[in-house]
Amino acid sequence: MKSVRLWYKKDGLAIYTSHLDMNRCFTRAVRRAEIPLWYTEGFNPHPYMTFLMPLPLGQVGMREPIDIRIEGDISFKEIRQKLNAVMPEGLEIVDVSKPECKPNEIAAAEYEIIAGFADAGEAEGFAAGAKSIIDSGVLNAEKRSKKGVKNVNLCEMIRSFEIEAAETNIHIKTVLAAGNTVNLNAELLLSALLSQFAAETESLTIVRTKLLKEDLSIFE
Amino acid sequence: MYPKELEKHLLKVQKPGRYTGGELNSIVKDKSKVDIRYAFCFPDTYEIGMSHLGMKILYSLVNARDDAWCERVFAPWNDMEEVMRENDILLYGLESGDAIRDFDILGFTMQYELSYTNVLNMLDLAGLPVRAKDRTALTPIVVAGGTCVCNAEPMAEFFDITLLGDGEEVTNELIDLLKEYKAKGASKQDFLEAAAQIKGVYVPSLYDVEYNEDNTVRAITPKCGAPEKVEKRNVADLDSMFSPTEFVVPFLEVVHDRTTVEIFRGCIRGCRFCQAGFLNRPLRRKSPEVVEEQCRAICNSTGYDEISLCSLSTSDYKGLETLITNMLPWTIDEKINIALPSLRADNFPKELMERLNAVRRSGLTFAPEAGTQRLRDVINKNITEEEVLSTAAQAFAGGWTAVKLYFMIGLPTETQEDICGIANLAQAVVDEFYKNPDKPKGKGVNVSISVASLVPKPFTPFQWEPQDKPDVLIDKQNYLISCVKTRKVTVSRHVPWTSFLEGVFARGDRRLADVIETAWKKGCKFDGWAECLKPETWEESFAENGIDPYFYTARRREYDEILPWDHMDYGVTKKFLVNENKKAHKGETTACCREKCAGCGANKLNGGVCDEIGKTVV
Ligand code: SF4
């Protein structure tokens, strides 16, 4: 038995698949690809498959990790080819590797956000306003966690933040806390900013581009 | 793929995956290269529709043709409907995102009477008039199939065509015909008249219905050459019948999400309340080799790890042991569970049962349906108390601690004693548990009983019977609860009003069209969902149209009354049904087909042959 880390890209129609549904979807893909999965022992054997970082509904992920355990000899290249041959639209294996880092080393994630506004003026105003709020270091919002709803200062979870307006769109590139202990959903950040200006977007794309470790080096 | 305008709204609705399409094995074609675009419409949510085997079969069947493209359409939930109406988005096919208004055939599958208002709502969301006569163009033709169309009269004003019986052959014939008539620029009327000549096709507008003073039917008269009786379609050979090798694999969790293969159609049992059992006669069987091959193919193309072998009464399948024994090696190897729904625990070999993981997980269920032997004889449910108890005892010895029992109330000739008998039978099962010397230590037993209400259905021996009114059913339910003396027995009951409305439509006639339309206009939809059902609105709608709903449910019909569905022919003869009804009232049983052919008449659809007896019967 050996552990393998699959890296997948999720975009297109697949972004409407919830984290819970992804698990079933991947288990089936691995079965269709006839990857020799390792199963737990016992009365009701099930394959080992762990999604390292849930990707919220509606967001694009460029390189998201899943750990699986396999049996037998099969090369990383073969795993990738076999899986991509049976993947549903919008899901693609971009890499297969040995798990280099431990799952709990994930500490941050980089996002690129594009939001469209009704006109260029509104986009520009929002970009300027958002920048000054983030610079001020205080943006309070209600955050849901397992322990209930809490009012927190989102700025404490922001590692970097750049925003610019281009015609009716704004582009954000930001690094946010991610992982089991502290995690900031990019959508929450954006909606907190929008509510400060009672603004509404016409379109919105949130892309998680990479997962990072505490020192902001890449999580492998 | 959804329409572009929907993009920014998708994340505002619950479960957006219901509306996006793009699932594995969904089929996208080049629309410029097909002649017929077919929308398979399921008048309920995505999760329910995607669990329906008939949809999977017809989807693959139509898409196997190069000249046609079949897409799926489900009823949008209320939140999505709001988004669509606010933003002028028309109901679309999940595969292309194109408005189904521009398709050639909209094919509804009607499994449940309480989805009638959803049909109207879907037509309206598609931007089409709900009444057939107001859709004057040749296309889209609105077609319906499925169980409910054995009496489609309440929906006769809305559907252009209904298809009776097995859809596998007739769907292709209808597509061929429409292709021809479309090419020659024919009118809708010409097409409908030609379609009515195909066996199994019913065109409601080609029949005039007259009523007597007392509102019963006086006459049903065909016109324009339509047949006097519409005979249902019957696929003679299930082995060579089209059967899919791929299922669309949903991203979302749906009700049944697994490999499903039919093992036979029809039923040998003859339970007198069971519509499916009579509508699908005669019995036709798929051979075990074909079943196994189809299971393998679907598992391979989907990655499913569960197989359901389905039929109306799985343990009656000749060759079940062989089939399971052949399938066990590879299913165990590939970690696939086999589920056997509709299993009668009484005649299934114990050893095999023990090897079936899935059976173990899903728990033990029995359907005695009635609480006393007398009443079980009336409904011809030939399962005895001893059988229930001995199988339960075996199961308890094997470590089970939960049993589920299914019953019905509102059965003909039912007395308080019969209702109390339900509680007594449940109690006897509980007692059986405590008699077991090896019962698991420290564990209690849980017997749950589920109580449905009888809805007398067309083409059953009970089609003439009165149906209990909701208040009577509530009294009976309460009486049953008062008879349960232990906490080890839990009772779950159906909403009587739901059964009432189902009963009105099941045996209704064309005069109900106005009621359905009124109720829909007042906001009724998803009537089968307890949280959506609006009894007061329905009551208003009946009253406004001067219709007494109890006329359809509470009345005993005479054997010689012309029934609204008398021009439909499902094979089983009226004479047989009358005889069964009389026997029911005398408490006489009828042997199952395996013991003795009861002469139901359905074998005439199969050239005189019934698989169950293997030879021509007279
Ligand atoms: S023809 Fe006879 S054996 Fe066949 S379904 Fe009818 S009663 Fe049963």
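First the proteins, then the strands, lettered A, B, ... as listed; each starts at 1. All of these numbers come straight from a predicted model, not from anything done at the bench.
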**OP:** Quick one: pull up CZ in Arg5(A) and CZ in Phe219(A) and give me the separation to the nearest 0.5 Å.
**Re:**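 So the gap between those two atoms works out to 4.0 Å.
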
Side chain from CB out, backbone as N, CA, C, O: work out which of these in [X] comes under 4.5 Å of a heavy atom of chain A, or both, or neither.
{"X": "Ser301(B)", "result": "backbone"}
{"X": "Asp257(B)", "result": "both"}
{"X": "Thr302(B)", "result": "backbone"}

Original post:
Pick from Asn25(B), Val249(B), Leu252(B): which one has the most heavy-atom pairs with chain A under 4.5 Å?
Top reply: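 Most heavy-atom pairs under 4.5 Å with chain A: Leu252(B).
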
**OP:** For the residue pair Tyr2(B) and Tyr16(A), categorise the inter-ring angle as parallel (less than 30°), tilted (30 to 60°) or perpendicular (more than 60°).
**Re:**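 The rings of Tyr2(B) and Tyr16(A) stand perpendicular, inter-plane angle above 60°.
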
**OP:** Just say parallel, tilted or perpendicular for the rings of Trp77(B) and Phe526(B), cut-offs at 30° and 60°.
**Re:**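 Judged by the thresholds at 30° and 60°, the geometry between Trp77(B) and Phe526(B) is tilted.
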
Chain B: which of [options] shares the most heavy-atom pairs with it under 4.5 Å?
{"options": "Gly90(A), Pro47(A), Ala14(A), Pro88(A)", "answer": "Pro88(A)"}
{"options": "Met22(A), Glu34(A), Arg32(A)", "answer": "Arg32(A)"}
{"options": "Leu20(A), Leu91(A), Thr17(A)", "answer": "Thr17(A)"}

Subject >> Per-residue contacts, residues 61-85 of chain A versus chain B, heavy atoms under 4.5 Å >> reply: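 Listed by number, there are no contacting residues, so the answer is none.
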
Original post:
Within a reach of under 6.0 Å around CD of Glu89(A), are more than 12 heavy atoms found that belong to other residues, nucleotides or ligands?
Top reply: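 No, the 6.0 Å shell around CD holds no more than 12 heavy atoms from other groups.
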
**OP:** Using a cut-off of 6.0 Å, state whether more than 12 heavy atoms not belonging to Glu167(A) lie near its atom CD.
**Re:**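 Result for CD/Glu167(A): open.
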
Determine, for [X] against [Y], whether the closest basic-nitrogen to carboxylate-oxygen distance falls under 4.0 angstrom.
{"X": "Glu202(A)", "Y": "Lys8(B)", "result": "yes"}
{"X": "Arg296(B)", "Y": "Glu293(B)", "result": "no"}
{"X": "Glu142(A)", "Y": "Lys150(A)", "result": "no"}

Would you tabulate the side-chain donor-acceptor contacts of residues 112-127 of chain A under 3.5 Å, counting partners in other chains and residues two or more places apart, or write 'none'?
| unit_1 | atom_1 | unit_2 | atom_2 | d |
| --- | --- | --- | --- | --- |
| Asp119(A) | OD1 | Gly121(A) | N | 3.0 |
| Asp119(A) | OD1 | Glu122(A) | N | 2.9 |

Subject >> Residue pair Trp69(B), Asp30(B): steps toward the side-chain hydrogen bond (donor to acceptor under 3.5 Å, both in side chains) verdict >> reply: CA-CA 9 Å; Trp69(B) 181 11; Asp30(B) 177 349; over 6 Å; no

**OP:** Using non-hydrogen atoms and a 4.5 Å limit, figure out which bit of Met87(A) sits close to chain B: side chain, backbone, both or neither.
**Re:**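 The backbone, not the side chain.
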
Original post:
Tell me, side chain or backbone of Val86(A) under 4.5 Å from chain B's heavy atoms, or both, or neither?
Top reply: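 For Val86(A), backbone heavy atoms alone lie under 4.5 Å from chain B.
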
